[in-house]
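Notes follow once the structure below has been shown.
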Amino acid sequence: MTAAEKIELKRKALMKYFSYLNERQQQAVFSVSGSVLVLAGAGSGKTTAIIGRIVNMVYFGDGYAKASPNMFEEDIRWLQKYVDGEVSLSDAQLRDILAESPIRPWNILAITFTNKAAGEMRVRLAEKLGEELAASIHASTFHSACVRILRRTIHLLGYERDFTIYDSDDAKRLMKLCIADSDVSEKQFPARSVLNEISRAKDQMISPEMMAENAQGDYRRMKIAKLYGIYQSRLRDSNALDFDDIIYLTVEMFRKFPEELEKYQNRFRYVLVDEYQDTNHAQYELISLLTRRDKNLCVVGDDDQSIYRFRGATIENILGFEQEFPDCRVIRLEQNYRSTQTILDAANEVIANNEGRKEKRLWTEAGAGDKITWYKSENEADEASHVVDAILEHIKNGGKFGDNAVLYRMNAQSNMMERTLVRSGIPYRIYGGTRFYDRKEIKDMIAYMSIVENPYDLVRFERIVNEPKRGIGDATISLLLDIAYDLHQSPLEVMENAEQYPVLSRKIPVLKQFAAMWNQLIAASEDMSMEDFLDFLLEQTGYRTAMMALGEEGTFRLENIEELKSSMQSYKEEAEEPSLGGFLEEVSLYTDVDRYEPDADTVMLMTIHSAKGLEFTNVHLIGMEQGIFPGMRSMDTQEELEEERRLAYVALTRARKKLYLHTAVYRKMYGMTMQNPPSQFLKEIDTSLMACIDSTVQEAEFPAEKQSPFGRTAVLQKQRAARKSTASAPAQEYHVGERVRHNVFGEGTVIAVTRMANDAMLEVAFDQVGTKKLMANFAKIKKLS
DNA sequence: TGTGCACCTGTTTTT
DNA sequence: CAGGTGCACA
């Protein structure tokens with residue numbers, strides 16, 4: 001056997017090992033060294049390929065590209081048998097024969113955007129590689145990776161190691177304080193938009209000084225640069241970082257301290273970045289610094305799914321990758337394992353209208369499948385009941401609620417949908433909106449715990465110093481904060497020494513009292529479990545008493561705080577060295593998508609943005625109208641329109657089997673009724689892929705229809721459909737004791753009838769599923785006579 | 001300092 | 001329509 005043949009044999013064995021992947025995915029798996037761009041279309045088995053790639057690196061190293069012909073005769077025979085399928089070899093045996101300097105797992109850095117994605121990656125790696133090997137692979141988000149680096153090195157930039165992380169709400173509070181102390185008004189410079197500009201600047205690695213320089217002559221930008229400067233110095237005073245700082249400061253630290261960079265280059269010799277289309281410039285810079293020396297960088301992404309431009313993601317990172325890394329390999333994953341060809345055709349057709357993209361065309365072996373359904377409704381109520389109809393139809397055919405997702409462009413659109421689902425007794429969950437950790441009471445608790453950990457945290461201090469009310473008002477707070485800023489002291493110190501500051505004289509007792517409580521909390525935090533400390537805090541601060549006084553609402557809030565305790569418990573179970581500080585850090589980097597439970601058998605409601613990366617058997621896309629999707633503000637520029645189109649592409653490709661598109665002729669928005677034409681994206685889909693169900697009333701528009709022999713009935717049917725999409729008996733006909741049948745819940749007995757405006761609420765004891773409340777006009781129920 | 005009412009202004013949000 | 005904000009007044 002020649003050397004070339006031996007190498008070939010090794011490669012065949014590797015291909016056999018990874019035969020669960022298609023050819024393109026295998027290419028990605030075997031491209032271990034150098035720079036690699038994987039363009040992974042929606043549903044193309046991207047994650048499977050990434051996991052495979054890491055497994056290959058850890059088990060076999062660069063054994064595919066750099067295979068040596070050195071093998072024992074014995075091994076050759078075994079390998080030949082393995083390739084021919086005559087024998088199966090264990091992972092260990094194969095590694096023995098095939099590995100060429102396998103990569104040590106701790107030399108691999110795998111970066112994702114969400115905690116969920118990172119967690120999933122760790123789980124899947126553990127399945128393939130075993131706990132031990134998987135644990136030493138550094139798989140985390142940009143932000144947690146950088147936080148870890150900064151905990152070690154941030155003192156080089158003059159921050160303390162135990163810095164606090166501010167979320168956007170904290171940042172906004174801080175910015176408001178900055179604006180209040182400057183010579184501009186919040187009217188001209190809303191905190192939100194100033195922060196946005198600062199955020200974009202940090203994405204570009206622009207410092208306050210640089211911004212001021214660039215802004216010469218531009219009044220607005222000069223003022224913003226000034227605010228940026230104040231904001232940064234106050235962050236530093238509070239020993240706090242905002243989300244953008246986490247990346248910005250890491251890059252800055254690496255730029256200023258090459259010896260630190262080198263340490264991390266030695267540690268992370270192989271870097272993999274998922275969702276590369278969503279990276280911003282600073283993140284690009286970070287990756288570029290880390291991989292500058294060894295050049296082992298693999299990025300995976302889909303330019304067509306770049307939907308976070310408004311948050312600073314630059315699609316140019318992925319589009320320009322080949323220019324930045326001229327020797328890179330480009331691998332396209334276009335075979336889709338999720339959707340039907342019909343859905344893919346529609347998605348391909350829509351996205352093909354974009355100019356700035358890398359050509360890709362998704363295909364599948366799954367077959368054409370059902371046509372896409374376009375429901376034309378009269379208004380949003382009608383639209384919602386069409387969705388409900390489709391869901392109930394699916395249930396009737398043996399499907400599950402959890403197979404269905406309702407996706408929309410704006411959170412506000414969920415309202416009518418939610419009401420209609422409630423009335424129909426369909427279980428659902430809404431994702432997005434107010435996150436658990438965004439609830440006021442939770443943030444208050446976090447704030448109390450934060451100032452115990454870090455008394456310099458001015459923003460969290462400001463948040464709770466008068467919550468519950470203690471007679472420390474805005475005027476006092478702002479005086480106190482000014483002193484703290486000027487003396488670089490913590491508000492705790494200022495309060496303890498309140499008598500030294502004449503301006504505070506009238507408030508000395510309350511301030512001293514607060515300081516005493518604060519110190520008491522600090523002491524307690526040191527010798528109590530986290531949960532006990534939370535209870536203690538709730539008592540000492542008077543928060544519990546204040547909540548009790550609020551009645552029902554307060555009870556609800558206290559329940560949420562109780563739930564925070566269970567977060568603490570699960571944190572303690574998972575963390576290596578649990579601490580209050582660690583818990584606070586985890587909480588600050590945690591988001592609601594992490595709470596997504598695909599197993600719950602409920603209909604999922606969410607924005608298209610939050611649906612990215614998820615898949616559902618049936619997707620109901622509501623509000624496919626000009627002005628909503630694409631949104632009013634996105635229709636002016638080509639770039640924004642293309643982003644909306646990518647969003648449409650994401651939405652369409654979420655569906656496995658069935659896709660329902662919905663339009664309504666009239667839609668109430670912001671309290672007024674709008675009349676929007678169907679979305680241009682809908683029109684970009686070939687009509688042959690769609691079946692249209694029209695329940696609008698259009699007599700005036702089609703006078704010809706009236707004259708045809710069937711016209712009258714057609715119009716009548718439409719009118720009936722428009723009025724009510726389900727044929728149910730009028731409310732007044734239901735009485736207690738009557739037997740009814742529900743499409744989903746089966747038969748049952750009416751046990752209560754509550755009359756309402758022009759409907760009635762029924763309580764029905766169903767034989768199989770127990771008692772349900774239904775609106776007589778909306779639920780699909782029928783009297784059994 | 002705390003409250004209530006008139007006014008205004010509305011995308012999307014992985015960390 | 002609805003939540004957030006600013007301002008006037010107690």
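Please read all numbers here as calculations on a predicted model, not as lab measurements.
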Gap between atoms CE and P, on A:M669 and B:dT9 respectively (whole Å): 16 Å
Sugar-phosphate only, base, or nothing, as touched by A:K469 at under 4.0 Å among non-hydrogen atoms: sugar-phosphate
A:S610 side-chain N/O to B:dT13 phosphate OP1/OP2 under 4.0 Å: yes
Ring-face cation contact, A:Y543 with A:R557, 6.0 Å cut, 45° max: no
Residues A:E625, A:R667: salt bridge by 4.0 Å N-O rule: yes
Proximal nucleotide (of B:dT14, B:dT11, B:dT12) relative to the A:T607 side chain: B:dT12
Upstream residue (5' side of DNA chain B) when A:F142 and A:H609 are each assigned their closest nucleotide: A:H609
d(CE, A:M672; P, B:dT9) in whole Å: 13 Å
B:dT11 glycosidic torsion: syn (within 90° of 0) vs anti: syn
Whole-Å gap separating P (B:dT11) and CD1 (A:I608): 15 Å
Sugar-phosphate only, base, or nothing, as touched by A:T112 at under 4.0 Å among non-hydrogen atoms: nothing
For atom CG of A:D167 and atom C1' of B:dT14, their distance in whole Å: 15 Å
Length of the CG-C1' vector between A:D169 and B:dT13, whole Å: 14 Å
Candidates B:dT12, C:dT5, B:dT14 - which lies nearest the side chain of A:R409: B:dT12
N/O (side chain, A:T476) to phosphate O (OP1/OP2, B:dT1) under 4.0 Å: yes
Atom-to-atom span, CG of A:N415 to P of B:dG10 - whole angstrom: 19 Å
Lys/Arg N to Asp/Glu carboxylate O, A:K202 vs A:E252, below 4.0 Å: no
A:Y670 side-chain N/O to B:dT11 phosphate OP1/OP2 under 4.0 Å: yes
Integer-rounded Å distance: B:dG10 C1' and A:Q413 CD: 14 Å
SB check A:R463 A:D169 (cutoff 4.0 Å): yes
Salt-bridge contact A:R200-A:E197 (side-chain N to carboxylate O under 4.0 Å): no
Phosphate OP1/OP2 of C:dT5 contacted by A:K172 side-chain N/O (<4.0 Å): yes
Interface residues of residues 300-313 of chain A with DNA chain B (non-hydrogen, below 4.0 angstrom): A:Y308, A:F310, A:R311
Phosphate-side-chain proximity, A:N411 and B:dG10, N/O vs OP1/OP2 below 4.0 Å: no
Ion pair check, A:E615 and A:R338, cut-off under 4.0 Å: yes
A:N466 vs B:dG2: side-chain N/O to OP1/OP2 distance below 4.0 Å: yes
Sugar-phosphate, base or nothing in reach of A:G631, heavy atoms under 4.0 Å: nothing
Residues A:R633 and A:E640 bridged, charged N to O under 4.0 Å: no
Presence of salt bridge, A:K443 and A:D167, under 4.0 angstrom: yes
Between B:dT9 (C1') and A:R192 (CZ): distance, integer Å: 16 Å
Sugar-phosphate only, base, or nothing, as touched by A:E275 at under 4.0 Å among non-hydrogen atoms: nothing
N/O (side chain, A:K612) to phosphate O (OP1/OP2, B:dT13) under 4.0 Å: no
